[in-house]
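Here's the structure, in structure tokens; my notes come after.
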Amino acid sequence: QVQLVESGGGLVQAGGSLRLSCAASGRTFNSDAMGWFRQVSGKEREFVAAISRNGGTTRYAASVKGRFTISRDNAKNTVYLQMNSLKPEDTAVYYCAADTSRISGSTISSWLGSYDYWGQGTQVTVSS
């Protein structure tokens, strides 16, 4: 069983930055690939970024590539999402998720169905 707790959301002006954190417990953290997803009310949850177990492979949605950076600190059991040059369209609830099925330390998935455990979400609001 994995517990995931996100933090760092809030209100920011367009062009600003936020860093989201997700603290994990319940499993050996470096056994799991990690991802960030986001959801706007009334819309489907969408992929934002993912990072492999060993941190060596990352993937981003086209809409955030070049602005967001995912990273992990396996010693602290934490995954981060650094969000720069924020836009109003980045407004959403952001969810951290764990993919426990990755056998290889370097593979990741952008498919929502690959992720077994989810945090409660943190609201990010970007004002124009």
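Keep in mind that this is a model prediction, so the values were computed, not measured.
Listed by chain and number, the residues in a salt bridge (Lys or Arg N to Asp or Glu O under 4.0 Å) with Arg59 amount to none (sequence neighbours excluded). Evaluation of the ring-ring contact (aromatic ring centres under 6.0 Å, His included) rule for Phe68 yields no partner, not counting sequence neighbours. Glu46 pairs by the salt bridge (Lys or Arg N to Asp or Glu O under 4.0 Å) definition with Arg38, not counting sequence neighbours. Applying the side chain to side chain contact (heavy atoms under 4.5 Å, CB included) test to Gln1 and every residue at least two apart in sequence or in another chain returns Gln3, Tyr117. Residues forming a side chain to side chain contact (heavy atoms under 4.5 Å, CB included) with Val124 (at least two apart in sequence, or on another chain): Leu18, Leu20, Met83, Tyr94, Val126. Residues that satisfy the side chain to side chain contact (heavy atoms under 4.5 Å, CB included) test with Thr125, not counting sequence neighbours, are Leu11, Thr91, Gln123. Partners of Arg102 according to the salt bridge (Lys or Arg N to Asp or Glu O under 4.0 Å) rule, which considers only residues two or more places apart in sequence or in another chain, are Asp99. Judged as a salt bridge (Lys or Arg N to Asp or Glu O under 4.0 Å), and not counting sequence neighbours, the contacts of Arg67 are Asp90. Evaluation of the side chain to side chain contact (heavy atoms under 4.5 Å, CB included) rule for Glu89 yields Lys87 as partners, not counting sequence neighbours.
Counting only residues at least two apart or in different chains, salt bridge (Lys or Arg N to Asp or Glu O under 4.0 Å) contacts with residues 118-128 are absent. Under the disulfide bond (SG atoms under 2.5 Å apart) criterion, no residue pair touches residues 98-128, with sequence neighbours excluded. Residue pairs meeting the disulfide bond (SG atoms under 2.5 Å apart) criterion with at least one member in residues 22-72, sequence neighbours excluded, are Cys22-Cys96.
Following chains of ILVMFWY side-chain contacts shorter than 4.5 Å, one cannot reach Ile70 starting from Phe47, and the two form parts of different hydrophobic clusters. In the hydrophobic clustering of ILVMFWY residues, with side-chain heavy atoms under 4.5 Å counting as a link, Leu86 and Val48 come out together. Placement of Val93 and Val79 in two distinct hydrophobic clusters is found when ILVMFWY residues are connected by side-chain heavy-atom separations under 4.5 Å, directly or transitively. A single hydrophobic cluster is not seen to contain both Val64 and Phe37; linkage of ILVMFWY side chains at heavy-atom distances under 4.5 Å, directly or through other members, places them apart.
Closest approach of Ser52 and Asn54 over heavy atoms only: OG-OD1, 2.8 Å. Heavy-atom minimum distance, Ser128 versus Pro88: CB-CG, 3.8 Å. For Ala33 against Arg72, the heavy-atom pair with the smallest separation is CA-NH1, 4.0 Å. Nearest heavy-atom pair, Ala50 versus Tyr115, reported as atom, atom and distance to 0.1 Å: CB-OH, 3.5 Å. Minimum interatomic distance between Val2 and Ala98 (heavy atoms only, all atoms of both residues): CG1-CB, 4.4 Å. Gln82 approaches Ser17 most closely through the heavy-atom pair NE2-CB, 4.0 Å.
In this structure, Arg45 and Trp118 have side chains that are in contact, with non-hydrogen atoms separated by less than 4.5 Å. Side-chain contact between Thr69 and Tyr60 is present, with at least one heavy-atom pair separated by less than 4.5 Å.
The OG1 atom of Thr78 sits 6.5 Å away from atom CZ of Phe29, with the distance rounded to the nearest 0.5 Å. Taking OH of Tyr95 as the reference point, atom CG of Leu112 lies at 11.0 Å (rounded to 0.5 Å). For the atom pair Gln120 CD and Leu4 CG, the distance stands at 9.0 Å (nearest 0.5 Å).
Panel note: side chain Asn30, backbone Asn74; no donor-acceptor pair is recorded below 3.5 Å. Thr57 contributes a side-chain N or O that, together with a main-chain N or O of Ser106, makes up a donor-acceptor pair within less than 3.5 Å. Side chain of Glu6 to backbone of Gly121: a donor-acceptor contact under 3.5 angstrom is found.
A donor atom on one side chain and an acceptor atom on the other are not found under 3.5 Å apart for Asp32 and Thr100.
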